[in-house]
Each structure stands twice: as C-alpha cells, then as structure tokens.
Amino acid sequence: MDFGFSEDQELLRDSARKFLDAECPTTFVRKMMEDDSAHATELWKKAAGLGWMGILIPEEQGGIGGSFLDLVVVLEEMGKSLMPGPFFATVLLGSAAVIVGGSDEQKSTLLPKICAGELLMTLAQAEKSGRYDAGGISMQAAAKGSDFVLSGEKLFVPDAHVADHIVVAARTSQSSSPEDGITLFLVDAKSPGVEVTQLKTVDMTRRQCHVVFQDVGVADSYVIGEVGKGWPILKRVLGQAMAGLCTEMVGTGQRALDMAVEYAKERVQFGKPIGSFQAVKHKCVDMMVQVENARSLTYYAAWTVDENVDEAGQAVPMAKAYCSDMCKTVTSEAIQVHGGIGFTWEHDMHLFYRRGLASEAAF
C-alpha cells in the first residue's frame with residue numbers, strides 16, 4: 001500500500017480545512033450543543049454543495065464516485081473541528097448500506113437526494129445487549145403476506161431524530177448461525193408506530209436516540225439486499241463506519257495535541273514557558289507518539305476497507321481499539337497541560353474530551 005495521499009486528496013484536505021475553519025469554529029459547536037437537534041440546515045447545504053455527501057456515491061446517482069480514502073481526508077478534518085450533525089449517520093451508515101446492498105431503484109431514488117443534501121439517513125442496529133455482532137440482533141420482523149411488520153426497539157441510533165429514513169437490522173428467521181436470518185429494512189422515520197426519543201449523552205454535538213418500532217409495516221420493496229442475508233452488507237458498512245470514526249478520532253487527537261503544545265509554548269511559569277519543563281515535554285511527546293501510532297493504524301485500516309480485502313477484519317478492530325484509547329487519553333492529557341483553565345466550561349478542551357469519550361463507546 002501507499003501511505004501517501006494524491007495531490008487531489010491533499011487539495012480536498014486543504015479545502016475541507018478552510019471550509020471548517022470558517023463555518024465550524026468551536027463557538028458554532030457550542031451553539032449546536034444547545035440546539036434541540038444539533039443539526040444546522042445551512043451548514044448541511046453548504047457541505048452538500050462541496051460534494052461531501054456524495055464522495056462515496058457513484059456518478060450515475062449524482063455523486064463524485066470517489067474512494068473511501070477520499071472521504072478519509074475530509075473526516076480527519078471534521079474530527080479536528082468536531083463537526084456536529086448527522087454527516088456520520090447519513091454518509092457512513094445509512095447511505096452506505098444503500099450503496100453496498102440497495103437495489104437499482106433504491107439507489108436511483110435515494111442517493112441523488114442525499115448528494116443534494118435533501119435526505120438524511122441513519123442505521124439502527126444496537127439493542128439492549130449492547131453488542132455489535134450478529135448475535136446482538138434480536139428484534140423481530142414478521143412476514144405478513146409479501147410484506148413485513150417490525151416490532152422492537154433499538155438503542156443509540158445516531159441522529160435518528162432528524163433522519164428521513166432509518167436502515168433497520170431485524171431478524172426474519174432463526175438459525176444455528178446468528179449471521180443467518182438478518183434482514184435490512186429501509187424504514188420511513190415518519191411511519192406510524194415509529195417513536196424516536198433523544199438520549200442525553202456526554203457528547204451533545206451528535207445525538208443518540210432510542211427508537212421504538214410498534215407494528216411498523218414495511219413493503220418487501222424496501223428490503224435492502226435479500227431477505228435473511230443482510231449481515232454481509234451490515235458487516236461491510238460497520239467496517240467502513242469504524243474506520244471512518246477512527247479517522248475522526250485521529251483528527252480530534254491531533255487538534256488536542258496542537259492546542260496543548262501551543263499553550264505550553266505561551267504559558268509562562270517561574271519565568272519560563274511551561275513547555276521548557278521536562279515533565280511537560282514528556283507528556284507532549286507521549287501524546288504525539290500516540291497520535292502518530294493511531295494515524296498509521298487508521299490509514300492502514302482505511303486502505304483495507306477501500307480495497308475490501310480480508311485484512312480489514314483485523315485491521316479495523318485494531319485501529320478502533322487503539323484510537324479509542326488514544327483519543328480519550330490524549331484529550332485528557334491536553335487538559336492536564338492546560339492546568340486549571342483546562343477544567344473550566346469556558347475553555348474548549350472539554351469539547352474534545354467529550355468527543356473522545358463518545359467515540360470510544362461507539363461500536
């Protein structure tokens with residue numbers, strides 16, 4: 001593999017950085033934390049105008065037809081800016097399931113609207129067990145003629161409160177193998193029987209929701225892929241999503257490190273910048289090593305996902321495990337470097353720490 005990015009990808013990174021610096025400062029992030037939805041339609045439309053929603057979507061459906069590595073450079077910059085809203089849920093979960101397993105009709109109907117910023121999606125998998133493997137899916141979908149009826153509940157569904165459609169993983173049959181009998185359904189979030197409740201979590205820049213499905217009817221034309229064979233699609237989507245989340249965590253960790261180093265150079269104590277003291281130097285170096293290790297693991301994991309090779313089954317969980325520890329530790333250590341001011345609500349470091357904690361728990 002080539003660890004270097006192409007010239008076009010570096011240009012994409014630069015444009016993303018400039019856009020987010022202008023449109024998504026921490027003052028905006030704080031505003032979204034207080035917002036009922038944490039979703040700013042104006043920012044969403046501007047991001048759609050840049051083509052971000054369609055990076056993974058083929059050109060015939062209105063997208064850019066880019067690679068996963070193209071998306072990686074944007075996600076890393078989003079992690080640095082803590083971009084709020086349903087981008088992750090829509091692009092890496094909901095629309096990704098349609099791209100991987102959707103029918104031609106589903107793709108032609110949904111994907112152009114996603115590219116245009118007119119449609120929001122998410123994916124509902126987790127249940128009370130908290131497991132993200134096939135065995136954690138127990139919600140039932142009963143056949144009713146050629147259609148299905150969904151009953152059950154899903155937890156920690158990202159940004160379901162603003163989603164237009166929810167991709168729901170449910171069990172249509174029982175088998176000795178938990179990977180068999182899982183079906184993915186495309187559910188209109190406004191359907192009768194769908195009840196969405198926002199959950200209070202540590203990171204309010206993205207909302208997690210509890211979704212109840214009470215006898216929700218779904219036509220067979222809204223099945224993604226084949227009935228009972230949804231797990232391979234879901235597994236592929238989860239691999240992409242976890243690799244994408246790792247990329248965001250690298251960006252978040254890098255921004256926290258940069259802020260800590262900058263403060264260590266400026267803060268004077270005993271007549272010297274605190275960065276001149278050995279204890280602070282060691283702390284910053286340890287943070288840098290963790291960020292760089294996480295970046296290497298993440299870029300490799302992203303490459304395996306992009307190439308859809310077998311190593312992704314190991315590379316992605318390895319990157320997620322390391323990045324989870326890195327992001328939580330580095331943002332915490334950055335608060336320590338800032339000293340007392342780092343613990344205040346007015347300082348921005350806690351925003352990065354909160355994102356680190358939320359990302360650690362995800363998937």
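The basis for the numbers below is simple: all heavy atoms, side chains too, and nothing from hydrogens, waters or symmetry mates. Note that the coordinates shown come from a computational prediction; the quantities given were computed from them, not determined experimentally.
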Connected via hydrophobic side-chain network under 4.5 Å: Val330 and Leu351: no
Carboxylate-amine/guanidinium contact Glu10 Arg13, below 4.0 Å: yes
Going through the checks in order, is the salt bridge (charged side-chain N to carboxylate O under 4.0 Å, His left out) test met by Glu76 and Arg295? CA-CA 10 Å; Glu76 189 170 345; Arg295 179 174 281 111; 3.1 Å; yes
For the NE2 atom of His347 and the CD1 atom of Ile341, what is their distance to the nearest 0.5 Å? 5.0 Å
Would you name the heavy atoms of Val187 and Leu150 that are closest together and state the gap between them? CG2-CD2, 4.0 Å
Cationic tip of Arg255 within the cone over Phe352's six-membered ring, i.e. under 6.0 Å and within 45° of the normal? no
Does a side-chain N-to-carboxylate-O contact under 4.0 Å join Arg30 and Glu34? no
Count the heavy atoms of every other residue, nucleotide or ligand shown that sit under 6.0 Å from NZ of Lys200, and state whether that count exceeds 12. no
Start with the C-alpha distance between Lys80 and Glu77, add both sets of side-chain angles, then the distance that settles salt bridge (charged side-chain N to carboxylate O under 4.0 Å, His left out), and finish with yes or no. CA-CA 5 Å; Lys80 293 178 182 178; Glu77 298 306 316; 3.4 Å; yes
Are Leu238 and Ile137 connected into the same hydrophobic cluster when the rule is that any two of I, L, V, M, F, W, Y join if their side-chain heavy atoms are below 4.5 Å apart? yes
Pairing of Arg17 and Asp21 as salt bridge, 4.0 angstrom limit: yes
Should we count CZ of Phe148 as having more than 12 external heavy atoms under 6.0 Å? yes
Give a yes or no on this: more than 12 heavy atoms of other residues, nucleotides or ligands lie within 6.0 Å of atom NZ of Lys229. no
Check for a donor-acceptor pair, side chain of Gln9 on one end and backbone N or O of Val73 on the other, with a separation under 3.5 Å. no
Looking at Gln314, I'd like to know if its CD atom is crowded, meaning that more than 12 non-hydrogen atoms belonging to other residues, nucleotides or ligands lie closer than 6.0 Å. no
Could you tell me whether the side chain of Thr172 and the main chain of Gly181 form a donor-acceptor pair under 3.5 Å? yes
Verify same cluster id: Leu92, Tyr299 (apolar side-chain graph, 4.5 Å): yes
For residues 263-276, dump all side-chain donor-acceptor pairs below 3.5 Å to protein atoms at least two apart in sequence or in another chain.
unit_1, atom_1, unit_2, atom_2, d
Tyr263, OH, Arg267, NE, 3.3
Ser276, OG, Pro273, O, 2.7

Side-chain atoms of residues 244-251: list all donor-acceptor pairs with protein atoms under 3.5 Å, sequence neighbours left out, distances to 0.1 Å.
unit_1, atom_1, unit_2, atom_2, d
Thr247, OG1, Ala243, O, 2.9
Glu248, OE1, Arg206, NH1, 3.0
Glu248, OE1, Arg206, NH2, 2.8
Glu248, OE2, Arg206, NH2, 2.6

Quick check: closest heavy atoms across Arg354 and Val202, and the distance to 0.1 Å? NH1-O, 2.8 Å
Is the number of heavy atoms from other residues, nucleotides or ligands under 6.0 Å of Met318 CE greater than 12? no
Nearest heavy-atom neighbours spanning His350 and Thr344: CD2-O, 3.7 Å
Show every donor-acceptor pair shorter than 3.5 Å between a side-chain atom in residues 191-199 and any protein atom, with sequence neighbours excluded, or say none if there are none.
unit_1, atom_1, unit_2, atom_2, d
Ser191, OG, Asp188, O, 2.8
Gln198, OE1, Arg207, NH1, 3.0
Gln198, NE2, Asp36, O, 2.9

Flag yes if more than 12 heavy atoms outside Gln336 fall under 6.0 Å of its CD atom; otherwise flag no. yes
Tell me, yes or no, whether the heavy-atom count around Lys283 atom NZ, taken from other residues, nucleotides or ligands under 6.0 Å, exceeds 12. yes
Heavy-atom neighbours of Tyr222 OH exceed 12 at 6.0 Å: no
